[in-house]
*Asks:* 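Let me give you the structure first, and then I'll get to my questions.
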Amino acid sequence: MDSLTEPKPAVDPRRYFEQVDAERSGTPKARPVCLYLETTNRCNLLCTTCPRTYAELEPPADLSWELFTRIVDQIPELQRAVLHGVGEPMLVQDLPRMVRYLKDRGTYVLFNTNGTALNERNGRALIDAGLDELRVSLDAADRATYKAVRGKNYFDRILRNVRGFRALQEREGHALPRVSAWLTGLKETIADLPAFVRVAAAAGVKEAYLQRLVFFDQDAVGMARPDQALYEQLSREETAAIEEAQAVAAELGIAFSASGAASEPGLSLKRPDSGSPWSMCRRPWTLMYFTANGRALPCCIAPFSQRGYENYTLGDATRQTLDEIWSGPAYHSFREALLSDHPPQACASCGQRWSL
């Protein structure tokens, strides 16, 4: 493994991604600068847009401290870490310790949460650990819609938790973590977007986002279905809802975006006119994703766009070094396919449905 005493080079995001674009091939010339670490695949909700609600994707597990440090220590130049996957990160006892371990290495750290476990004790632990960004996946503007989309009646509890956490930050002067609220774009919920922005603002949140929906090409699950997607098929009423949400956000003084932004800078996709939307993705050249069991996947989107991890498993961090995985034959073949007219199925589905 590499020594942690090696200096971490400063990265200019624009120049870095320009270089990635210029040098994309089956074997990358640089190591990843971003890690997605699935701290757990357990969850306390039953979201109708999540595949784990309907099938066991892997054996239930939390990412062990030993595997976490083994992975992180192999990338001393790591710039960004995203501590979520298909589970709820705040169910993991070691989560603040993981955040602190990464922050001590100068890494930007964030994760998505459903907010159910964001009590004062857990919130203080994340503040003390130095978390940079906390994204609350709320997905609704009222109790009824929340239960329909997320499977359980925790709407009021989550709002209390978020209000309490933001009040704690304001009272004690903590600028970090940045807190944002997220709503997955569905035909059934898009009309509630202006109300969602108001709910977020009332909870003290300064940023609200409309997130895209990804769904399986075949055998769609729950509400993650083609007829629910918004990409390239917004109605006049749905467009009006987005515009109203933008106006409400401006009125309330909070940031709002419906651009489909990715979780890592520079990776938002704009569908090209070439008919091959997957070709703009930089993920296999810039980041690595590991499940709680150590399985290497191409990104966090793959489990939502094709059934079966065996279709896009690229390595095993419990048996291989990250360099062996990153430069290995599975990753090489995956990258080559992504650059071709016949991409991996998971990538084709993701690219074609890059949505709000």
Side-chain angles (χ1 to χ4, degrees), residues 1-2 4 28 30-43 50-52 56-95 97-103 105 107-113 135 262-264 267 281-306 308-335 338 344 346-347 350:
M1 295 184 186
D2 294 298
L4 286 174
R31 297 203 298 177
V33 295
C34 176
L35 281 177
Y36 274 69
L37 299 172
E38 184 181 80
T39 47
T40 185
N41 58 24
R42 298 181 297 119
C43 191
C50 180
R52 73 164 304 285
E56 183 177 283
L57 306 177
E58 274 195 318
D62 292 351
L63 183 66
S64 71
W65 180 254
E66 292 72 25
L67 182 54
F68 167 79
T69 55
R70 169 180 165 82
I71 292 171
V72 170
D73 289 355
Q74 292 180 69
I75 309 184
E77 65 271 30
L78 184 64
Q79 302 292 320
R80 190 175 183 89
V82 183
L83 301 183
H84 65 243
V86 299
E88 169 49 46
M90 293 194 70
L91 299 180
V92 178
Q93 184 174 357
D94 275 335
L95 182 65
R97 185 184 179 196
M98 292 175 174
V99 173
R100 184 71 268 163
Y101 193 84
L102 289 160
K103 292 306 303 176
R105 284 151 177 73
T107 304
Y108 187 94
V109 186
L110 70 139
F111 63 84
N112 288 6
T113 178
R135 299 180 173 186
S263 291
E264 55 280 356
L267 292 187
C281 182
R282 303 179 179 119
R283 285 177 172 84
W285 290 270
T286 59
L287 66 84
M288 300 183 83
Y289 176 108
F290 292 97
T291 69
N293 289 283
R295 185 191 298 260
L297 305 181
C299 69
C300 65
I301 304 297
F304 293 82
S305 56
Q306 184 186 7
Y309 284 3
E310 68 278 1
N311 292 304
Y312 41 83
T313 292
L314 302 174
D316 183 348
T318 67
R319 301 180 180 182
Q320 299 168 275
T321 68
L322 268 59
D323 281 343
E324 288 172 343
I325 298 171
W326 188 243
S327 301
Y331 243 119
H332 183 278
S333 298
F334 192 91
R335 294 187 188 101
L338 190 61
C347 299
C350 174

*Asks:* Which heavy atom of Y312 sits nearest to which heavy atom of A346, and what is that distance?
*Replies:* CD2-CB, 4.2 Å
*Asks:* Atom SG of C300 and atom CD of E38: how far apart are they, to the nearest 0.5 Å?
*Replies:* 10.5 Å
*Asks:* Would you say the side-chain atoms of T107 pair up with the backbone N or O of K103, donor to acceptor, closer than 3.5 Å?
*Replies:* no
*Asks:* CG of L67 to CD1 of I71: how many Å apart, nearest 0.5 Å?
*Replies:* 4.0 Å
*Asks:* I need the single residue from T39, T40, N293 that forms a side-chain hydrogen bond (donor to acceptor under 3.5 Å, both in side chains) with D62. Which is it?
*Replies:* T40
*Asks:* Taking all non-hydrogen atoms of both residues into account, name the closest pair between L338 and P284 and its distance.
*Replies:* CD2-CG, 3.6 Å
*Asks:* Any side-chain to backbone donor/acceptor pair from T69 onto E66? Under 3.5 Å, distance only.
*Replies:* yes
*Asks:* Less than 4.5 Å apart, any side-chain heavy atom of C34 and any of Q79?
*Replies:* no
*Asks:* Distance-only, no hydrogens or angles: does the H84 side chain make a donor-acceptor pair with backbone N or O of N112 under 3.5 Å?
*Replies:* yes
*Asks:* Verify, without hydrogens or angle tests, whether E56 (side chain) and R52 (backbone) share a donor-acceptor contact under 3.5 angstrom.
*Replies:* no
*Asks:* What do the steps show when you test E324 against T321 for side-chain contact (heavy atoms from CB on, under 4.5 Å), and what is the final call?
*Replies:* CA-CA 5 Å; E324 288 172 343; T321 68; 3.0 Å; yes
*Asks:* Got V33 and L287 here, is their nearest side-chain heavy-atom distance under 4.5 Å?
*Replies:* no
*Asks:* Taking atom CD of E310 as the centre, does the number of heavy atoms from other residues, nucleotides or ligands within less than 6.0 Å exceed 12?
*Replies:* yes
*Asks:* For residues F334 and C347, determine if any side-chain heavy atom of one lies less than 4.5 Å from a side-chain heavy atom of the other.
*Replies:* yes
*Asks:* Would V92 and L63 count as a side-chain contact (heavy atoms from CB on, under 4.5 Å) here? Give the steps.
*Replies:* CA-CA 9 Å; V92 178; L63 183 66; over 6 Å; no
*Asks:* Kindly give the heavy-atom pair with the smallest separation between Y331 and P298, and that separation in Å.
*Replies:* OH-CA, 4.4 Å
*Asks:* Is NZ or CZ of R97 both nearer than 6.0 Å to the six-membered ring centre of W65 and within 45° of the ring axis?
*Replies:* yes
*Asks:* Test side-chain contact (heavy atoms from CB on, under 4.5 Å) on T113 and E88 and set out the steps.
*Replies:* CA-CA 6 Å; T113 178; E88 169 49 46; 2.7 Å; yes
*Asks:* Give a yes or no answer on whether the side chain of W326 reaches the backbone of A30 with a donor-acceptor pair at less than 3.5 Å.
*Replies:* yes
*Asks:* Give me the atom names and distance for the closest heavy-atom approach of Q74 to L322.
*Replies:* OE1-N, 2.8 Å
*Asks:* Quick check: does any side chain N or O of D73 sit under 3.5 Å from a backbone N or O of R70, one acting as donor and the other as acceptor?
*Replies:* no
*Asks:* Do Y36 and L297 have side-chain heavy atoms sitting under 4.5 Å apart?
*Replies:* no
*Asks:* I'd like to know whether V82 forms a side-chain contact (heavy atoms from CB on, under 4.5 Å) with Y108, so could you lay out the CA-CA distance, the side-chain angles of the two residues, the decisive distance to 0.1 Å, and finally the verdict.
*Replies:* CA-CA 9 Å; V82 183; Y108 187 94; over 6 Å; no
*Asks:* What is the distance from atom CD of Q306 to atom CG of N311, rounded to the nearest 0.5 Å?
*Replies:* 4.0 Å
*Asks:* Using side-chain heavy atoms (C-beta onward) and a distance below 4.5 Å, is L95 in contact with P89?
*Replies:* yes
*Asks:* How close do V86 and F304 get, heavy atom to heavy atom, and via which atoms?
*Replies:* CG1-CE1, 4.3 Å
*Asks:* Give the intermediate values and the outcome of salt bridge (Lys or Arg N to Asp or Glu O under 4.0 Å) for residues D316 and R295.
*Replies:* CA-CA 5 Å; D316 183 348; R295 185 191 298 260; over 6 Å; no
*Asks:* Enter the distance from I301:CD1 to Y289:OH here, rounded to the nearest 0.5 Å.
*Replies:* 9.5 Å
*Asks:* Just verifying a value: how many Å separate L314 CG and Y309 OH, rounded to the nearest 0.5 Å?
*Replies:* 12.5 Å
*Asks:* Salt-bridge test for E77 and R31: reply yes if a basic N is under 4.0 Å from a carboxylate O, no otherwise.
*Replies:* yes
*Asks:* Taking the six-membered ring of Y101 as reference, does the cationic atom of R105 (NZ for Lys, CZ for Arg) lie under 6.0 Å from its centre and within 45° of its axis?
*Replies:* yes
*Asks:* Identify whether the distance between the nearest side-chain nitrogen and carboxylate oxygen of D94 and R100 falls below 4.0 Å.
*Replies:* no
*Asks:* Can you give me the closest heavy-atom contact between R283 and C299, atom names plus distance?
*Replies:* CD-CB, 3.3 Å
*Asks:* Between atom CG of L91 and atom CG of N41, what is the distance when rounded to the nearest 0.5 Å?
*Replies:* 10.5 Å
*Asks:* Less than 4.5 Å apart, any side-chain heavy atom of L83 and any of V99?
*Replies:* yes
*Asks:* For A61, is there any backbone N or O sitting under 3.5 Å from a side-chain donor or acceptor partner on R42?
*Replies:* no
